[in-house]
Each structure stands twice: as C-alpha cells, then as structure tokens.
Amino acid sequence: MTDFFKGIPQIKYEGPTSTNEFAFRHYNPDEVLMGKRMEDHLRFAVAYWHSFAWQGGDPFGGQTFERPWFGDTMALAKMKADVAFEMFDILGAPFYCFHDADVRPEGATFAQSKRNLEEIVDYLGQKQSSHKTKLLWGTANMFSHRRWMSGAATNPDPDVYAYAAASVQAMMDATHKLGGANYVLWGGREGYETLLNTDLKSERDHAGRFLQQVVEYKHKIGFKGTILIEPKPQEPSKHQYDYDVATVYGFLVQFGLEKEVKCNIETGHAFLAGHSFEHELAMAASLGILGSIDMNRNDLQSGWDTDQFPNSVPDTAVAYYEVLRAGGFTSGGTNFDAKVRRQSLDPADLILAHVGAMDICARSFKAAAALLADGSLEQARTARYAGWDKAEAKALLKGSLDAAAATVTARGLNPEPRSGRQERLENLWNRFV
Ligand code: XLS
Ligand code: NI
Ligand code: NI
C-alpha cells in the first residue's frame, strides 16, 4: 500500500440525496436496468495516461503535478502501478486502459523498452489477479517520441514503419497476455503537416497495409478482442487520415477490413470534426462499426481537445441513447479519456473527477434507458417511415429509376409534406433527462 490516497474512503452508492462528496449519487453498479447490471452496461475504464503519466503541462508551462512516482526507473513504474490499482479499488472501476509509454520507462534500445514493458506487464498481471479491475484496451503510443514526428505507419522512412510494427506487436502481445477486451489504434501522427512534402496516396496505402498486418497478427496469436480505430480529424497533425467515423469506414472498406475493425469514438474528437458525439455514434452503429467510447468533453470556446470530464446529463444521455439503440456495448466500454485541470493538484481531485463523471454517465444512461423503454420516441420514428412498409414502396427500390418514375403518373402521386415534429420530440426527450 502507498499512502498517496491516504484518508480517502472507498466510494459507495448512497443515493441521490446524499451530500457526501465521496459517494455515488447515481452510479449503483448492482442496479439492474434492461436486464443487466449498471456496471456491465457502462463498463467504466480509467485512462492511465491522464491520471498517472500526464504531468500537468500546457503550451505555456511545464509540470504542475508532483507525484512520487514521476521518474524513469522500473521501481517508480511499479509504484505508479500500485497507486493506479489503489485508485481503481477506491472507485470500483471495472476497467483501465494504457499505452506502452504510460506504464514503462523508455529504454536506450527497442529491446530494452520491450523488456521494460514485459516486466511491467507481468506486474500489472499480478495486480489484476488480486484486484477486480480488468483491461479494457491497450495501445501503443506512436505520437510522443520524436521518432514518430512524421508518422508511424505513414512515415516516409520505412525504418519507422518497422519500428511501428515492432511497437504494436509488443503492445498486442501485452494486451493479449493481460486479457484485454480490445486493442486500440489512434493515429495522432498518421496524417500530414503540409501537402507540399506529402505523398498522400502512398501514406494511406501504407496505413492500410499496416492495419491488415495488425489484423493478421491478431488472428495468428488468437487474440479474441476487437481491433478499434479511434477517429480524430486533426491535433497533433494538421490533417489526420482517420478524420471521422465515415472516413474510417471508407478506409476500412478500401482495405477489406470493415468486418474486422470497429471504432473507438471520442466525444471531443467528434466536435473537432464538426459533428456531435451522437452523430458519430449513430453513424458507426448504422455501419456496424460501433465498438467503444472515449468519454470526455471539450471546452467549446477553446476549440481544442481539452479532454475534460463529462458534466452535462442532456449531452451524455443522447450519446448513451445511441449506444443503447445499437444494442449496448459488447467488448467496448466507457473509457474516461479525461484529465483533471493542471491546477487540480490534490489526490482527491483525481478521485472526485472520476466520481462525478461516473455519476453523470449513470444518470444519463438511466435517462436513455427509460426513454428507450418508454418507446414513444422509437414509435414516432417508426411511424415517420411507415410508408416504406408498403409493397409499392418496396418495389421502388427493387426496380429501375424509370420504373420508379413511372409510378408518379400511374398512381397520380402528389405528396403532401408532413411535420417532422422536432420540438414535440424534444419536449418528449426533456421529460426524461
Ligand atoms: C488523443 C487520443 C488518445 C487515444 C489513445 O487525442 O484520444 O488519448 O485515446 O491513444
Ligand atoms: Ni483525444
Ligand atoms: Ni482517446
């Protein structure tokens, strides 16, 4: 036991009227909704990088956090893991997620980095067997070190492609060993800064071949988890190839991977792409590639990926409504890809940020589940499209364009517009949130 969280109790559900800061008011892991425990629906995960590796820097200043595990030794990496699992226990977090670079010190050579990773993975494995928290996903950080500055699989230098292959292989092995439910690829540097020096076609081709190799390797080692691509339009690159869900789907189809790979969709990334979070979720669900979510929020004035914890029930509820309509999570879950602000120095800030976010998600999820169970919204949606159930409507799709055109005169069609009822549906929605 470390004493980092000394004095902080385990967080328990106390109900909506509780005034105890260190309690859940809405997240009740054992409460059954739609036939499933809330914990099994939401599948919360803590992101190792934001809570344990990030030092509080911004473009104008460096480290603000002083954590006893900051430093580049294996002993400190183990202390970091000890503290991480203490936090998972306090929160009752069923899952966590990490990058290779979050958990181990970088070595002088690839072989040394890999040995460091393997040693820490064994340590994390022991932790997992004596705690309840499991791995939602692992991923390789191929954006921080200067070797990745011009891309990983899309780098003009083939040696970097090889280094990316070795990095992903090592992290897939680690994820497999730890029983991870998914493996994530987020391509922060898989894009360009300027088209003046970029061969866009060959970069995309290399990214496609790389992803095929990842999928081939998954089958070779018998990893049963889902491979997930995390779309983001820009930041850190000016333009990233995995711009949004629809772009990723086109890319997957081009490389024959649309049945193999799904998406990990992040709230703030959806906004950066000019979409709402629910748009990205609905799009992925309609394409059969909704995998998992990175839950957070952006500061909408700054227009940047600020990775704040969610704090709006109406916004979060529409997102979970789309997840529920799609049948809920299978291998995926709700990863808090969120960090406390750089002035939030106290250990309690880390805990309470997650407590608040888990409560926001639980409240939102309950609202979404109640609306879905009520059925009125889905009935209204079904009624709006009911014309398509008729035989003559189905025939329009089966036949040719001129056959469809001919029905206008044959049936004397003169369509009357009908109300879309948006405000009435918004009022209905607002009864639940
Ligand atoms: C950055 C991404 C990153 C991924 C994992 O914007 O969200 O944190 O989730 O590499
Ligand atoms: Ni992000
Ligand atoms: Ni993310």
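Counting starts at 1 for both ligands and their atoms, following the listed order. For this chain, numbers begin at 1 and follow the sequence in order. Note that this is a predicted model, so its numbers are computed, not measured.
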Which ligand 1 atoms, with their elements, are less than 4.0 angstrom from a heavy-atom of [X]?
| X | value |
| --- | --- |
| Trp49 | 8 (O) |
| Asp294 | 9 (O) |
| Asp305 | 6 (O) |

**OP:** Give the atom name of whichever N/O/S atom in Asp337 sits closest to the Ni ion (ligand 3).
**Re:**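 For Asp337, the N/O/S atom sitting closest to the Ni ion (ligand 3) is OD2.
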**OP:** For the Ni ion (ligand 3), find the closest N/O/S atom belonging to Asp294 and write down its atom name.
**Re:** OD2
Where on [X] is there a heavy atom closer than 4.0 Å to ligand 1, on the side chain, on the backbone, on both, or on neither?
| X | result |
| --- | --- |
| Asn141 | neither |
| Val184 | neither |
| His99 | side chain |

Original post:
Should Thr139 be counted as touching ligand 1, given the test is an N or O pair under 3.5 Å?
Top reply: no
Original post:
Between His269 and ligand 1, does any nitrogen or oxygen pair lie at a separation below 3.5 Å?
Top reply: yes
Of the protein's non-hydrogen atoms, which lies at the shortest distance from [atom], and what is that distance?
| atom | answer |
| --- | --- |
| atom 6 (O) of ligand 1 | Lys232 NZ, 2.9 Å |
| atom 8 (O) of ligand 1 | Asp337 OD2, 3.0 Å |
| atom 9 (O) of ligand 1 | Glu230 OE1, 2.7 Å |

Original post:
If you stand at the Ni ion (ligand 3) and look out to OE1 of Glu266 and OE2 of Glu230, what angle do those two lines make, to 10°?
Top reply: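 If I round to 10°, I get 90°.
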Original post:
In Å and rounded to the nearest 0.5 Å, what is the CD to NZ distance from Glu118 to Lys177?
Top reply: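 Rounded to the nearest 0.5 Å, the CD-NZ separation comes to 7.0 Å.
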**OP:** Please say which of Tyr96, Tyr48, Phe44 ends up in a ring pair (Phe, Tyr, Trp, His ring centres under 6.0 Å) with Phe336.
**Re:**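 With Phe336 as partner, Tyr96, Tyr48, Phe44 yield a single ring pair (Phe, Tyr, Trp, His ring centres under 6.0 Å), made by Phe44.
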Original post:
Within Asp307, is some N, O or S atom less than 2.8 Å away from the Ni ion (ligand 3)?
Top reply: no
Original post:
Between Asp349 and Asp346, is there a donor-acceptor pair closer than 3.5 Å when you use the side chain of the first and the backbone of the second?
Top reply: yes
Original post:
When the ring planes of Tyr192 and His239 are compared, do they come out parallel, tilted or perpendicular, using 30° and 60° as the limits?
Top reply: parallel
**OP:** Just say parallel, tilted or perpendicular for the rings of Tyr161 and His206, cut-offs at 30° and 60°.
**Re:** perpendicular
**OP:** Any chance you could lay out the side chain to side chain donor-acceptor pair (under 3.5 Å) test for Asp82 and Tyr123, step after step, and finish with the verdict?
**Re:** CA-CA 9 Å; Asp82 293 341; Tyr123 195 71; 2.6 Å; yes
Original post:
Hey, which N, O or S atom on Asp305 ends up closest to the Ni ion (ligand 2)?
Top reply: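 Minimum-distance N/O/S atom of Asp305 relative to the Ni ion (ligand 2) is OD2.
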**OP:** Check the side chains of His176 and Asp173 for a donor-acceptor pair under 3.5 angstrom, ignoring hydrogens and angles.
**Re:** no
**OP:** Would you please indicate if the ring centroids of His99 and Phe143 are separated by under 6.0 Å?
**Re:**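 Ring-ring flag for His99/Phe143: true, centres closer than 6.0 Å.
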Original post:
Is the closest side-chain heavy-atom distance between Asp72 and Glu106 below 4.5 Å?
Top reply: no
Original post:
Closest heavy-atom contact between Thr226 and Lys218?
Top reply: CA-NZ, 4.4 Å
